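Input: a single structure, listed below in structure tokens.
The chains referred to below are lettered A, B, ... by the order of the sequence lines, with proteins before strands, and numbering in each begins at 1. If you're wondering where the values come from, they're calculated on a predicted model, not measured in any experiment.
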There are 2 protein chains.
Amino acid sequence: MVSLDDVAKLAQVSPATVSRALSRPEMVAEATRKRILQAAQELGYQPNQLARSLRQRSSQTLGLIITDILNPFHATLAKGVQDAAEKHNYTVFLFNTDEDPEKERRALNVLRGHQPRGLLIVPSPQAKENLKLVTKLPIVELDRTSGTPGIRTVMVDNVGGARKAVQHLIDLGHRRIGMIVGRLDISTAVERLQGYREALQAAGIPYDETLVLLGNHREADGREAAKALLSLPSDKRPTALFVGNNEMTVGAVLALREMGIRIPQELSVVGFDDSRWAATIEPALTVVAQPTYELGFLACETLLSSLSRGQDTLPTSIRLDTSFILRESTAPPGGRKNGLKKRRRN
Amino acid sequence: MVSLDDVAKLAQVSPATVSRALSRPEMVAEATRKRILQAAQELGYQPNQLARSLRQRSSQTLGLIITDILNPFHATLAKGVQDAAEKHNYTVFLFNTDEDPEKERRALNVLRGHQPRGLLIVPSPQAKENLKLVTKLPIVELDRTSGTPGIRTVMVDNVGGARKAVQHLIDLGHRRIGMIVGRLDISTAVERLQGYREALQAAGIPYDETLVLLGNHREADGREAAKALLSLPSDKRPTALFVGNNEMTVGAVLALREMGIRIPQELSVVGFDDSRWAATIEPALTVVAQPTYELGFLACETLLSSLSRGQDTLPTSIRLDTSFILRESTAPPGGRKNGLKKRRRN
DNA sequence: TACTTTTTTGCAATCGTTTGCAATTGTTGT
DNA sequence: ACAACAATTGCAAACGATTGCAAAAAAGTA
């Protein structure tokens, strides 16, 4: 590798001057600077960030920990973060936890070794414990919160989003509305459940716990929960279903298909989080959409600005709005009226 | 941050001994080692990889450059790479190029600064030029090849995969088979086109260039190409369509939907690369599936083993097999027989 | 011209590790 | 008890950059 010294020799100056020519141009005379830049160019010099960061005791890297890169939601988050980081000349280390606290712990330790400037994380259920490994480090939590006090968070308005979804079903005339919700040790699940309850309460519909099933965020969980709900005796069975995340929505819809239950004639479905799949499946799903890319981008911007502004700014918690997208998977209950005819595709 | 010196002081030994206790345990006496480990544990010591890499002139990091993390194919690739890297205690820097050679160049330069041990890359169209920036670095190309001599590649058998797809359409009785192919400066597109031609030739069907449209790998391109092909006069119009990548397949299918063309009754469709979308859309798509995760995993293993084995091993080019998955989007031409009745969903 | 001020440069220490070498300690054989 | 040897430890020099400080050069002033 070509180093500062090489450039210095070629330009006939000391390494110190080369360093300054590159990072503090105004400190070196026009002529020398030109000569140095020329030499650097010629040798294809690229500063060694390891040495640089070591000396400066601060790197130009960030850590990003998400739970599942195969989930388009998380991939989009990652892209938002990356783009923002790149804009500010930061490089990101990406880790996947697969929702496994142990993998998260390992990732945090590895990350620690690389001395990142800050950390963006979608916290696993035990993140509160794990994050003790990296006090000192400026952190922003995305999508969910671990509940650790003093940590910045960037999330969507889950309560409001869920409420809108359920409200819509209620407006259509549904009274037995099922929900498939994620693990309650994850904040998004709790909040979406709360939105569900609030909407019911506002409409004076009593909360029926037999209609609320827990899942572990995966497709398979959604599938099983849907099967269980639809196996209830017909007077107990929900006429509409609100599913708390994208993967479980997939599972639920596929299960319904397998069971031969028609959406929305026999069961209305609303999902949380939009995706191409949701938009183009038959029938196209009515969903609560999240500004996913913005979530990632903004989280990264928040982190970076807190880095430059110093500690003075208070740990803020940002909430982005969700938007309700009406498609074809909802209709009044009982199939008495078919909601399809009134609506257009897309 | 707690450093070697801190641990050394607490354990009452020199920093050198601490270093050895951690990385070459057999060199230090049982008792001291225990004392040191204890101290390290107590302080929550994590070695500074920056300093370590600087001194050793070699890091435990890899670069991974993909073209689009939002494409599930690439996300899966990334996951495979990550998992393999993690297994060997490597950390990966992830970059996105969005197929833009300029972004690729920037990514390579940034990467260079971080002194990665090796590079995995899905090369952009101008990668051959860009990769000159990182001679010295052990490289493995994934999915495609830039054509740079002496570089290891891990790809699928695109020619064979495409041939199987087209062969299937021919077997069903199709003779006017259209293809939507990617940019021909990307190796996968060239190979898939070749497979298409080989299959036609084997069946004695003349190659008709009006049936082959180029696209830029994106959904929008697939959409436009499909529209163009289906706007041909009915005697020129294809009765079947082979689409060269996943995103363009989406575009094509959605375009057909919008045009009210029924699959497979009016047009058979085969895509390249499987996905949940392809498997669950209506009708479920017949596709050539790739071992995507394995591709990423294997590419990373290849790179790492070439790192440890030294330069002795020849630059190998690995080809993985594709598999043909028959679903519901193909049927004999002309809709004379409806292929659907014979088949079951899933 | 001689002195002051400003600009430009170089010296050398430093960041936190690793590692060649030498010094110290412990072990063994006689 | 003492040499010979092995096992364990520490010293100090790297790795490639940055930066406080002081020296040198250039510019300004009287």
Side-chain angles (χ1 to χ4, degrees), chain A residues 1-37 39-40 43-61 89 91 109-117 136, chain B residues 1-37 39-40 43-61 89 91 109-117 136:
Chain A
M1 261 296 88
V2 24
S3 74
L4 257 194
D5 286 313
D6 302 325
V7 180
K9 286 208 186 72
L10 181 56
Q12 319 229 50
V13 289
S14 77
T17 308
V18 176
S19 171
R20 283 188 278 252
L22 266 51
S23 45
R24 233 147 336 152
E26 74 284 359
M27 285 187 71
V28 12
E30 173 76 12
T32 10
R33 192 188 346 148
K34 266 203 182 139
R35 194 149 35 89
I36 291 172
L37 259 37
L43 297 177
Y45 170 71
Q46 187 75 20
N48 183 330
Q49 297 296 335
L50 298 175
R52 178 176 226 272
S53 305
L54 180 60
R55 171 60 224 247
Q56 296 195 140
R57 327 199 61 185
S58 135
S59 70
Q60 286 283 99
T61 60
N89 276 100
T91 307
N109 268 329
V110 172
L111 203 50
R112 217 148 63 94
H114 290 281
Q115 317 283 126
R117 196 73 184 288
K136 314 284 153 176
Chain B
M1 260 297 88
V2 25
S3 75
L4 257 194
D5 285 312
D6 301 325
V7 180
K9 282 205 188 79
L10 182 56
Q12 320 229 46
V13 290
S14 77
T17 307
V18 176
S19 170
R20 282 188 279 251
L22 267 52
S23 46
R24 235 154 323 162
E26 73 285 358
M27 284 188 72
V28 12
E30 173 77 10
T32 10
R33 194 191 340 150
K34 267 202 183 140
R35 193 150 35 91
I36 291 172
L37 259 37
L43 298 177
Y45 171 70
Q46 187 74 21
N48 183 330
Q49 297 295 336
L50 269 44
R52 179 176 226 271
S53 305
L54 180 60
R55 171 60 222 243
Q56 295 194 141
R57 325 199 64 184
S58 133
S59 70
Q60 286 282 101
T61 60
N89 277 98
T91 307
N109 268 330
V110 172
L111 204 49
R112 216 149 63 94
H114 291 281
Q115 317 283 126
R117 195 75 184 286
K136 314 282 153 173

- Could you tell me whether the side chain of A:R20 and the main chain of A:M27 form a donor-acceptor pair under 3.5 Å? no

- Query: Is there a side-chain contact between A:R117 and A:T61 (heavy atoms, below 4.5 Å)?
  - Reply: no

- Query: Given atom NE2 of B:H114 and atom C1' of D:dA17, what is their separation to the nearest angstrom?
  - Reply: 14 Å

- Is the shortest heavy-atom distance from the side chain of B:H114 to the side chain of A:N48 under 4.5 Å? no

- Give, ordered by number, those residues of residues 29-37 of chain A having at least one heavy-atom distance below 4.0 Å to an atom of DNA chain C; if nothing qualifies, reply none. A:A29, A:T32

- Item | Heavy-atom side-chain contact between A:R52 and A:S23 under 4.5 Å | yes

- Task: Take atom CG of A:L54 and atom C1' of C:dC15, then tell me their distance rounded to the nearest Å.
- Result: 4 Å

- Look at A:S19 and D:dT18 and indicate whether a side-chain polar atom (N or O) is within less than 4.0 Å of OP1 or OP2. yes

- State whether A:Y45 places a side-chain N or O below 4.0 Å from either non-bridging phosphate oxygen (OP1 or OP2) of D:dG16. no

- Message: Is it the case that the base of D:dT18 and the side chain of A:R52 share a donor-acceptor contact (distance under 3.5 Å, atom types as modelled)?
- Response: no

- Where A:T32 and A:R35 come nearest, the two heavy atoms and their spacing: CG2-NH2, 2.9 Å

- Query: Has the side chain of A:T17 got a donor or acceptor atom that lies under 3.5 Å from a matching backbone atom of A:V13?
  - Reply: no

- Item | Nearest-Å distance for atom pair CG/C1', residues A:N48 and C:dC15 | 13 Å

- Item | Exercise: identify the closest heavy-atom pair between A:L4 and A:P15 | CD1-O, 3.9 Å

- Roughly, in whole Å, what's the span from CD in A:Q46 to C1' in D:dG16? 14 Å

- Answer whether the closest heavy-atom distance between the side chains of B:Q46 and A:N109 falls below 4.5 Å. yes

- Taken to the nearest whole Å, CZ/B:R55 to P/D:dG16 is 10 Å

- Query: In whole angstrom, what separates B:E26's CD from D:dT9's C1'?
  - Reply: 15 Å

- Task: Assess whether one donor atom and one acceptor atom, taken from the side chain of B:R20 and the base of D:dG10, lie less than 3.5 Å apart.
- Result: yes

- For B:S59 and B:P116 the tightest heavy-atom approach is OG-CA, 3.7 Å

- Would you mind telling me which residue lines up with the more 5' stretch of DNA chain C, B:Q56 or B:M27, judged by nearest nucleotide? B:Q56

- Query: Rounded to whole angstroms, how far apart are CZ on B:R57 and P on C:dT19?
  - Reply: 12 Å

- Message: Does anything in residues 3-18 of chain A come within less than 4.0 Å of DNA chain D? Heavy atoms only, and list the residues if so.
- Response: A:S3, A:L4, A:A16

- In whole angstrom, give the distance that lies between atom CD of A:Q115 and atom C1' of C:dG16. 9 Å

- Task: Note the angle between the end axes of the helix from C:dT1-D:dA30 to C:dT30-D:dA1, five pairs defining each, rounded to 10 degrees.
- Result: 40°

- Query: Minimum heavy-atom separation for A:A8 to A:S14, with atom names?
  - Reply: CB-C, 3.8 Å

- Query: Closest approach of A:V7 and A:A40, non-hydrogen atoms and distance?
  - Reply: CG1-N, 3.9 Å

- Task: State, yes or no, whether a side-chain contact exists between A:Q49 and B:Q115 at a heavy-atom distance under 4.5 Å.
- Result: no

